[in-house]
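Numbering of ligands and ligand atoms starts at 1, following listing order. Computed from a prediction, not measured in an experiment: that's the story for all the values here.
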Amino acid sequence: MKNIKIAGVVILTLFFALQLIQPEKTNPKSDPALSVFQQTSVPVNVAGILQTSCRDCHTHNTIWPRHSYVSPVSWFVNYDVRNGRSELNLSLWGEYEKQKAWVLLDEICKQVSAGHMPPGRYLLLHRDAKLDDRDKTAICGWTESAKIKYQE
Ligand code: HEC
């Protein structure tokens, strides 16, 4: 009994100590004119899908959920956002070179078609972000027509 109590105290103390290590949650300000929604013509339905399913990790408009304030969950969420933005940043779309933009559009269709994006771990707590076949077709329709602008 005593050991269980000690273990409990240790675990609680650790949990509270972990809360002190809190990564910074940023939504950097960026020129709205650089956003993919300004740079390419995104059909309304596709814009909705990108907002619901991709925004949190691939834009500067992340909605940081309550669990993103609790360590160690916050570390993983933060890691995703940092990595997601660095691979594909829809808020800084206008900064991509033509060829890079083309490849990213191509990659967007591939990643969603293969079911890699949004990641399964994200869907656990964001059910509405799950894409059905119609969503995927709509996204690929958009990327195909948006690519034309970036073709050499
Ligand atoms: C939970 C956060 C999260 C969500 C939501 C998310 N992504 Fe990602 N995405 C990442 C991370 C992290 C990476 C980089 C590492 C990897 O590939 O897993 C990534 C990588 C990518 C890449 C690869 C870029 C490259 O050059 O290889 C594409 C394309 C992409 N995501 C598209 C999307 C699209 C489209 C959506 C919405 C349908 C989406 N992602 C939703 C986190 C996310």
Interatomic spacing from CE in Met1 to CD1 in Ile6 - rounded to 0.5 Å
11.5 Å
Residues with a heavy atom under 4.0 Å from ligand 1, by chain and number, are Ser53, Cys54, Cys57, His58, Asp80, Asn83, Gly84, Glu87, Leu88, Leu104, Glu107, Ile108, Gln111, Val112, Met117, Pro118, Pro119, Tyr122, Leu131
Measuring only between side-chain heavy atoms, which start at C-beta, is Tyr69 closer than 4.5 Å to Ser74?
no
How would you list all residue pairs meeting disulfide bond (SG atoms under 2.5 Å apart) that involve residues 97-132, not counting sequence neighbours?
Cys109-Cys140
Does any part of the side chain of Ile21, heavy atoms only, come nearer than 4.5 Å to the side chain of Trp75, both counted from C-beta?
yes
Please tabulate, one pair per line, all N/O donor-acceptor pairs under 3.5 Å involving side-chain atoms of residues 90-99, not counting sequence neighbours.
unit_1	atom_1	unit_2	atom_2	d
Ser91	OG	His60	N	2.8
Trp93	NE1	Tyr150	OH	2.9
Tyr96	OH	Asn89	N	2.8

Taking only residues two or more places apart in sequence, or in another chain, which ones meet His126 in a ring pair (Phe, Tyr, Trp, His ring centres under 6.0 Å)?
Tyr122
